[in-house]
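Written below as structure tokens is the structure these notes are about.
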Amino acid sequence: MKDSGFELPLPHPFDFQLCLNYMARSPFECLYTTDTLGVNRLVKVGVAKRLIRVTCPHGRMMQVQLLQGVSLAKEELEELTRYIRNWFDLDRDLEPFIQMSEGDPLLGQLIESFSGLRIVGIPDLFEALCWAIVGQQVNLTFAYKLKQRLTEHYGDAAEWEGVVYRMFPSPEQFASVSIESLLSLQLTRNKAMTILDVASRMTSGELSRERLLKLSDSESIDKELTKIRGIGPWTAQYVRMRCLGDQTALPIGDVGLQNAVKKMLGLNQKPTPSELRALFEQWPGWESYVTFYLWRTLY
DNA sequence: CACCAGGACGGGA
DNA sequence: TCCCGTCATGGT
């Protein structure tokens with residue numbers, strides 16, 4: 001059967017290979033598979049699960065294939081397109097960012113290495129929140145394992161050409177999950193309670209991506225998120241950065257960010273939060289991109 | 001065994 | 001408001 005799908009024009013600059021490199025950074029990633037040419041992933045479109053493959057043949061257009069050969073209704077097509085745009089941050093104009101790097105040693109170095117890398121997003125709010133929560137104060141290797149366990153225990157899956165593709169579980173799928181079962185997956189009690197609380201709030205509709213985006217300013221969003229026990233400033237910033245498309249998000253307490261700055265500037269010790277704030281005042285409006293690029297220098 | 005990891009919370013200045 | 005100890009759990 002001939003593959004169905006569609007193409008999206010690419011913004012400039014855009015480097016798909018750098019995005020792929022980022023996505024391929026952990027062997028424990030369970031929500032998509034990458035190869036030299038692209039990424040495969042199971043996504044929910046409307047009520048259906050669709051297996052897609054994203055590539056950029058010749059680097060000219062982004063090609064989105066529906067691997068199971070289904071064709072999409074108009075609304076589904078629009079929803080999937082939105083998802084892809086959020087995933088690869090296609091609507092961002094990076095030219096001002098590039099221009100800002102001129103005469104800036106640190107930023108210049110980052111652009112030199114990563115120009116065209118877009119913030120690879122997590123369009124699904126629940127997935128983004130849970131990923132941040134499991135990633136609190138643990139090394140990334142373990143965070144990936146926790147995400148994998150949650151996904152394999154509670155998420156949906158589909159098989160294609162002998163490979164199993166999985167989706168992160170929905171909030172509804174946590175409705176009947178107990179704290180104890182999460183503890184058995186090596187989550188701490190606090191993380192388990194926070195995830196169930198978030199799932200409940202999202203199931204009821206009290207918490208949603210749309211609602212957060214409607215809030216006028218970033219501080220309201222932070223307040224809305226950090227009122228949930230177990231979600232602190234780092235998690236709120238992280239979610240604004242990876243899910244809500246907020247360029248100004250700055251996870252100031254992030255140990256990876258601190259280590260990256262220490263490494264880039266050749267410091268003897270990690271910068272303090274106030275030193276980080278002062279440093280980032282050079283890049284107003286681009287805090288999240290600088291953060292994302294700095295993270296890339298660590299691996 | 002010690003120290004670290006893409007933190008959060010609560011108490012006390 | 002800021003600072004600091006504590007908690008929690010696997011990695012290295």
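Enclosure of atom CD in A:Glu206 by more than 12 non-hydrogen atoms of other residues, nucleotides or ligands within 6.0 angstrom is indicated.
Nucleotide B:dA8 holds its C1' atom 14 Å from the CG atom of A:Asp197, rounded to whole Å. In this entry the distance linking CG of A:Asp254 with P of B:dC4 reads 16 Å, nearest Å. Between the P atom of B:dC9 and the CD1 atom of A:Ile133 lies a distance of 10 Å, rounded to the nearest Å. Note: CG (A:Leu250) to P (B:dG7) measures 14 Å, nearest angstrom. Atom P of nucleotide C:dC2 and atom CZ of A:Arg277 are separated by 8 Å, given to the nearest angstrom. Nucleotide B:dA8 holds its P atom 15 Å from the CE atom of A:Met193, rounded to whole Å. Here the C1' atom of nucleotide B:dA8 and the CG atom of A:Asp222 are 15 Å apart, to the nearest Å.
Within the model, atoms OH of A:Tyr289 and CG of A:Leu117 stand 7.0 Å from one another, a figure rounded to the nearest 0.5 Å.
Contact annotation for A:Arg242: base contact, defined as any heavy-atom pair under 4.0 Å involving a base atom. Residue contacts shown for A:Thr291 are absent, as no nucleic acid heavy atom lies under 4.0 Å away. Across all strands shown, A:Leu140 has heavy atoms under 4.0 Å from base atoms, whether or not it also approaches the sugar-phosphate.
Between A:Ile228 and A:Asn259, the residue anchored nearer the 5' end of DNA chain B, judged by the nucleotide with its closest heavy atom, is A:Asn259.
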- Item | Sequence-aligned protein contact record of nucleotides 7-12 of chain C, with B where the base is within under 4.0 Å of a protein heavy atom and S where only the sugar-phosphate is | -BSBSS
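With sequence neighbours left out, A:Phe174 forms a ring-ring contact (aromatic ring centres under 6.0 Å, His included) with A:Phe126, A:Tyr154. With sequence neighbours excluded, the residues satisfying side chain to side chain donor-acceptor pair (under 3.5 Å) with A:Trp234 are A:Asp254.
Test A:Leu67, A:Leu80, A:Leu72, A:Leu42 against A:Arg50 for side-chain contact (heavy atoms from CB on, under 4.5 Å) and you get one pass: A:Leu72.
A donor-acceptor pair is defined here as one N or O able to donate and one able to accept, closer than 3.5 Å; no such pair exists between the side chain of A:Asp89 and the backbone of A:Arg92.
Hydrophobic cluster membership is shared by A:Phe28 and A:Ile122, with clusters built from Ile, Leu, Val, Met, Phe, Trp and Tyr side chains linked at under 4.5 angstrom.
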